[in-house]
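Inspection log for the structure reproduced underneath, given as structure tokens.
Order of appearance sets the numbers: ligands from 1, and atoms from 1 within every ligand. Counting begins at 1 with the first residue of the sequence. What you see is a predicted model; the values in this text were computed from it and never measured.
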Amino acid sequence: MAREFTSVGVVGLGTMGAGIVEVFARSGIDVVAVEVSEAALERGRATLTGSTDRAVAKGKLAPADRDALLGRVRFAAGLDALHTVDLVIEAVPEHLDLKQRIFAELDRVCKPDAILATNTSSLSVTEISVATSRPNQVIGIHFFNPAPVMKLVEVVRTVVTSPDVVADVEALCARLGKVDVTINDRAGFIANALLFGYLNHAVAMFESNYASREDIDAAMKLGCGLPMGPLALMDLIGVDTAYEILDTMYRRGGRDRRHAPVPLIKQMVTAGLLGRKTGRGFYTYERPGSPVVVPDEATPVADAAALADGARGITKVGVVGSGTMATGIIEVFAKAGYEVVSVTRGAEKSASVCEAVKTSLNKGVVRGKVSEDDRDAALGRITWSATLEHLADVDLVVEAVVEELSVKKALFASLDEICKPGVILATTTSSLPVIEVAMATQRPADVIGLHFFNPAPIMPLVEVVRTIRTSPETVATARAVCAALGKTAVVCADRSGFIVNALLFPYLNDAVKMLEASYSTADDIDNAMKLGCGYPMGPFELLDVVGLDVALAIQRELYLELREPGFAPAPLLEHLVTAGYLGRKTGRGFRDHTHR
Ligand SMILES: NC(=O)c1ccc[n+]([C@@H]2O[C@H](COP(=O)([O-])OP(=O)(O)OC[C@H]3O[C@@H](n4cnc5c(N)ncnc54)[C@H](O)[C@@H]3O)[C@@H](O)[C@H]2O)c1
């Protein structure tokens, strides 16, 4: 029989604590909510009423249920009010000495059989537990932000946590409607160990002017389907909390440089730019605590005319290549009203690309997304050719041939001979340096990367890659073209992986390393990222879809270019690729897909 919890205490009513109070009170459990001062209590109370009022306004909570919920919460300054509760969850700032002091005090105040839990994200639960005389009743209950929404709870047991306590807490999580994963006490547990290297890397990109905050965030949302971009997430987490978590993970987690907080983060903490809670972090918010972003001096001009300043007129577009990407790109341009010249290596290839474009457009007709007239008009705009000479009068060329530098360089040298002056020459490479192909021409200022995502007709994102030789007019033209295609363009510098792959693949590689270290299972890791962070797929699901060979190749490129030891491909990934377990395409990757 699992233990019945009728009243719990929550210590610290900040970003997490106020949400945790709501979770318990919603499930019919009485809560004693504790803060350091009356002013802090008032803030916590305001957060709780704000959140429940929003739930009522959205129709997710009946007004009577809100009143009952609020009626279950008693606010108190000081820990003494916790002497009757069955369980306490501590959610004060991420400092070991503070948490140890609070646990020593809780140990003195609370009933002998009360369970003492910490919501720490990165500190050692074991070290916190030894501040008490009951370390076997101390456990980590790590909620995710926002606590009322995110389904996951990481239950962290130390080597001394009693199995009964673990079982009782797991049963409690189920009662709260949460999904728990139980793991050992290691820095960052599952989700944060995989998340924070990524967040820190995104901040480093921003700090080095690699791309704007809006573009970094849009890239991860639109390129990976994440619920929010990394910088917006830093603001939600709290920049100070993120700093402490990174710093602890760096010190506890083997001094991985990727966790050493980027200097900008410390500067923001010092300047009081803590994110949503202070109304300003990477973005500016309507007021402290508000999720609504308002424009500030760094907000890009929304004025299309200003953005297109210097852009060249594009009406006719050449697409070179006959693979998946070329096929999708031809369709995208033709549908958007551009005249398209498709160049392949022969009539047979042209015929099959033509067939593929027709099939895809017909699917659009069946789904009611394209009218028959529009389909016919789009097909009518495409000319099929097998010679590059037909590109003599186009305004833009998009190259999507095989991912081999020598092939691309030779092609760009030919385009340089054939195309008229002023043409924009674009490559869709996902991993090669754009500057290499640019320098194969006499006009590097006109060369740019246009990295479409697969399938091009569906994915809304294009990474626009400017090299150190690309002219502002070329960038403006690329932006204008993406806008005309209905795509979101994000502009970044010419570094391996651009934005999306550079941020995504190291995280996937880290997940493989975590599995390899037997810290957790593929299922639990996938669940943690989906339920704790709102990712559409877990890392192993995604790796099996992308292809392990593709992931390994990208990870190797990143490692070679950045020489970051933490980017070294996981040995398990190498072994699976060697064994031919490449993912769905071969029937087996991290999972066996043959019987599904
Ligand atoms: N922010 C997140 O996304 C997130 C997610 C999961 C876990 N966590 C963890 O939750 C904990 C709290 O983080 P947060 O982001 O909510 O911090 P926060 O700064 O938003 O809130 C901390 C609260 O603790 C209060 N406090 C400080 N000293 C206290 C004391 N002695 N007694 C009572 N209250 C006290 C502060 O007044 C403040 O309201 C940390 O351990 C953090 O790592 C944070």
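Atom NZ of Lys221 has 12 or fewer neighbouring heavy atoms from other residues, nucleotides or ligands inside a 6.0 Å radius. Enclosure of atom NZ in Lys513 by more than 12 non-hydrogen atoms of other residues, nucleotides or ligands within 6.0 angstrom is indicated.
Relative ring orientation between Tyr285 and Tyr283 is described as perpendicular, the plane-to-plane angle rising above 60° on a 0-90° scale split at 30° and 60°. The aromatic rings of Tyr535 and Tyr198 sit perpendicular, their planes meeting at an angle over 60°, well past the 30° parallel limit.
You'll find the side chain of Pro539 reaches within 4.5 Å of the side chain of Ile525, heavy atoms only. Two residues are said to be in side-chain contact when any heavy atoms from C-beta on lie closer than 4.5 Å; Leu273 and Thr278 fail this criterion.
Within the cation-pi definition used here (under 6.0 Å to the ring centroid, within 45° of the axis), Arg45 qualifies as a partner of Phe75.
Contact between Arg101 and ligand 1 is absent, with no heavy atom of the residue lying under 4.0 Å from the ligand. Heavy-atom separations between Ala91 and ligand 1 include at least one value shorter than 4.0 Å.
Taking every non-hydrogen atom of Glu94 and a distance limit under 4.0 Å, the qualifying atoms of ligand 1 come out as 40 (C), 41 (O), 42 (C), 43 (O). For ligand 1 and Val11, the ligand atoms under 4.0 Å from any heavy atom of the residue are 32 (N), 33 (C). Set against the non-hydrogen atoms of His142, the atoms of ligand 1 under 4.0 Å away are 6 (C), 7 (C). Taking every non-hydrogen atom of Ser121 and a distance limit under 4.0 Å, the qualifying atoms of ligand 1 come out as 6 (C), 7 (C), 8 (N), 9 (C), 42 (C), 43 (O), 44 (C). Distances below 4.0 Å separate heavy atoms of Pro93 from the following atoms of ligand 1: 22 (C), 24 (O), 26 (N), 27 (C). Listed by atom number, the atoms of ligand 1 under 4.0 Å from Thr120 heavy atoms are 41 (O).
Nearest protein neighbour of atom 35 (C) of ligand 1, counting heavy atoms only, is Val92 CG1, 3.5 Å. Of all protein heavy atoms, the one closest to atom 10 (O) of ligand 1 is Asn119 ND2, 2.9 Å. The single protein non-hydrogen atom nearest to atom 1 (N) of ligand 1 is Ile237 O, 2.8 Å, given as residue, atom name and distance. The nearest heavy-atom contact from the protein to atom 21 (O) of ligand 1 is Gly14 CA, 3.2 Å. Counting only heavy atoms of the protein, atom 18 (P) of ligand 1 lies nearest to Lys277 NZ, 3.7 Å.
Selection from Glu35, Glu244, Glu105 by nearest heavy atom to atom 34 (N) of ligand 1 gives Glu35. Taking all heavy atoms of Thr241, Asn145, Val36 into account, the minimum distance to atom 14 (P) of ligand 1 is reached by Thr241.
Residue pairs meeting the salt bridge (Lys or Arg N to Asp or Glu O under 4.0 Å) criterion with at least one member in residues 278-293, sequence neighbours excluded: Arg280-Asp296, Arg280-Glu297. Note on residues 55-66: pairs passing side-chain hydrogen bond (donor to acceptor under 3.5 Å, both in side chains), not counting sequence neighbours, are Asp53-Arg66.
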Discussion item. Using salt bridge (Lys or Arg N to Asp or Glu O under 4.0 Å), reason through Asp526 and Arg591 one step at a time and then give a plain yes or no.
Written reply: CA-CA 12 Å; Asp526 275 351; Arg591 296 193 173 88; 2.8 Å; yes
Discussion item. Could you go through Asp30 and Arg74, starting from their C-alpha distance and side-chain angles, then the distance that decides it, and tell me whether this counts as salt bridge (Lys or Arg N to Asp or Glu O under 4.0 Å)?
Written reply: CA-CA 8 Å; Asp30 290 332; Arg74 183 158 67 84; over 6 Å; no
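Taking distance alone, with nitrogen or oxygen atoms compared against 3.5 Å, Met16 approaches ligand 1 more closely than that limit. Any N or O atom pair closer than 3.5 Å counts here, and Leu236 shares no such pair with ligand 1. At a 3.5 angstrom cut-off on N or O pairs, Glu90 does not count as close to ligand 1.
Here Phe144 has no heavy atoms under 4.0 Å from ligand 1, in either its backbone or its side chain. When non-hydrogen atoms are compared, ligand 1 lies under 4.0 Å from the side chain of Ile102 (C-beta onward) but not from its backbone.
Salt bridge absent: Glu35 and Arg43 never bring a charged side-chain N and a carboxylate O closer than 4.0 Å.
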